[in-house]
A.B. asks: 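Quick one: the structure is below, and I'll ask about it shortly.
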Amino acid sequence: LLDTRSEAFAGAVKIRYGLTIGAAAYFLNNGKIEGYSSDNVRTGDVNSGDRLFRLATAKRLGKVSIGLSISQYTQQLAEQNGYGWGFGAGVSLDNSLGRFSMSFDNIGPKFKIGNSSAELPGKLALSTWFPFYNKMFSLNLDFIVRRSRDPILATGLEYHFVNALALRAGST
């Protein structure tokens with residue numbers, strides 16, 4: 001665990017007419033993992049790690065926003081490499097109370113590594129955002145259903161210092 005490193009980069013740019021494009025990259029390096037045979041004999045170190053690249057776009061149409069994303073996943077474990085593609089889509093509606101949204105993520109063909117394959121960890125999220133006290137504070141609620149896991153409810157409270165900076169505390 002001491003050798004584990006994680007790095008993430010993301011950015012988005014507003015183009016024009018309510019159109020935004022974004023890109024993200026995530027790298028996980030698990031560091032040195034000691035390998036052992038079934039007889040508990042040390043076989044040497046094993047390399048492993050994950051990489052995720054995502055491109056996304058969003059378009060605002062009045063009070064409705066829609067978004068699409070495509071992701072490419074790569075995983076390495078010893079000499080085996082796995083690959084997969086995932087897609088996402090979402091829609092949100094702004095009204096006088098706040099914002100309501102629904103999104104799907106990690107939908108796509110099975111992830112393949114060697115001769116094995118596995119379903120992507122698909123996710124459905126229903127979210128809402130309510131501003132209050134002159135929009136300095138906001139309450140966020142997310143109901144998340146993931147493939148092969150129990151649904152969760154995540155909550156968050158944000159304090160907005162300035163337009164582009166907020167402090168958030170949350171719980172799942």
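These numbers come from a predicted model, not from an experiment.
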A.B. asks: Which heavy atom of P151 sits nearest to which heavy atom of V145, and what is that distance?
C.D. replies: CB-CG2, 4.2 Å

A.B. asks: Distance check, rounded to the nearest 0.5 Å: I144 atom CD1 versus I152 atom CD1?
C.D. replies: 4.0 Å

A.B. asks: Does CG in D150 sit with more than 12 non-hydrogen atoms of other residues, nucleotides or ligands closer than 6.0 Å?
C.D. replies: no

A.B. asks: State whether a side-chain donor-acceptor pair under 3.5 Å links D50 with Q75.
C.D. replies: yes

A.B. asks: Among the clusters formed by ILVMFWY side chains lying less than 4.5 Å apart, do L52 and W85 turn up in the same one?
C.D. replies: no

A.B. asks: In terms of hydrophobic clusters joined by side-chain contacts under 4.5 Å, are L61 and Y17 together?
C.D. replies: no

A.B. asks: For residues L120 and G86, report the shortest heavy-atom separation together with the two atoms involved.
C.D. replies: CD1-CA, 3.8 Å

A.B. asks: Measure the spacing between CE of M136 and CD of E158 and express it to the nearest 0.5 Å.
C.D. replies: 13.0 Å

A.B. asks: Where is the tightest heavy-atom contact between T43 and S37, given as atom of each residue plus distance?
C.D. replies: CG2-N, 3.6 Å

A.B. asks: State yes or no: do W129 and L165 share one hydrophobic cluster built from I, L, V, M, F, W and Y residues joined by side-chain heavy-atom distances below 4.5 Å, directly or via other members?
C.D. replies: no

A.B. asks: I want to check something: taking the side chain as every heavy atom from C-beta on, are F143 and M102 in contact at a cut-off of under 4.5 Å?
C.D. replies: no

A.B. asks: First locate atom OG of S127, then atom CG of L141, and finally report the distance between them rounded to the nearest 0.5 Å.
C.D. replies: 9.0 Å

A.B. asks: Side-chain contact, heavy-atom cut-off 4.5 Å: S69 with R54?
C.D. replies: yes

A.B. asks: I need the L126 CG to S101 OG distance, nearest 0.5 Å.
C.D. replies: 8.0 Å

A.B. asks: Whether K63 and D94 form a salt bridge (side-chain N of Lys/Arg under 4.0 Å from carboxylate O of Asp/Glu) is what I want to check.
C.D. replies: no

A.B. asks: Sub-3.5 Å donor-acceptor pair from the side chain of T128 to the main-chain atoms of R99, do we have one?
C.D. replies: yes

A.B. asks: Between OH of Y159 and CG of L167, what distance do you get to the nearest 0.5 Å?
C.D. replies: 9.0 Å

A.B. asks: For S65 versus R60, what's the shortest heavy-atom pair and its separation?
C.D. replies: OG-NH1, 3.0 Å

A.B. asks: Check this for me: K59, atom NZ, are more than 12 non-hydrogen atoms of other residues, nucleotides or ligands nearer than 6.0 Å?
C.D. replies: yes

A.B. asks: Aromatic ring centroids of F9 and F53 under 6.0 Å?
C.D. replies: no

A.B. asks: Minimum heavy-atom separation for N140 and R168, please, with both atom names.
C.D. replies: CB-NH2, 3.4 Å

A.B. asks: Is it true that T74 and Q72 share a donor-acceptor pair across their side chains at a distance under 3.5 Å?
C.D. replies: yes

A.B. asks: What are the two closest non-hydrogen atoms of G122 and I107, and how far apart are they?
C.D. replies: CA-CD1, 4.3 Å

A.B. asks: State yes or no: do F87 and Y26 share one hydrophobic cluster built from I, L, V, M, F, W and Y residues joined by side-chain heavy-atom distances below 4.5 Å, directly or via other members?
C.D. replies: no

A.B. asks: Calculate, to the nearest 0.5 Å, the distance between atoms NZ and CD1 belonging to K14 and I21 respectively.
C.D. replies: 13.5 Å

A.B. asks: When hydrophobic residues are tied together by side-chain contacts of less than 4.5 Å, even through go-betweens, does F111 share a cluster with L28?
C.D. replies: yes

A.B. asks: Can you find a pair of side-chain heavy atoms, one from K112 and one from Y83, that are under 4.5 Å apart?
C.D. replies: no

A.B. asks: Around atom CZ of F132, are there more than 12 heavy atoms of other residues, nucleotides or ligands at under 6.0 Å?
C.D. replies: yes

A.B. asks: Does F100 form a ring pair (Phe, Tyr, Trp, His ring centres under 6.0 Å) with F130? I'd like the steps, not just the answer.
C.D. replies: CA-CA 9 Å; F100 301 92; F130 298 105; 5.8 Å; yes

A.B. asks: Taking C-beta and beyond as the side chain, do R5 and F27 meet within less than 4.5 Å on heavy atoms?
C.D. replies: no

A.B. asks: Quick check: do N106 and R147 have side-chain heavy atoms less than 4.5 Å from each other?
C.D. replies: no

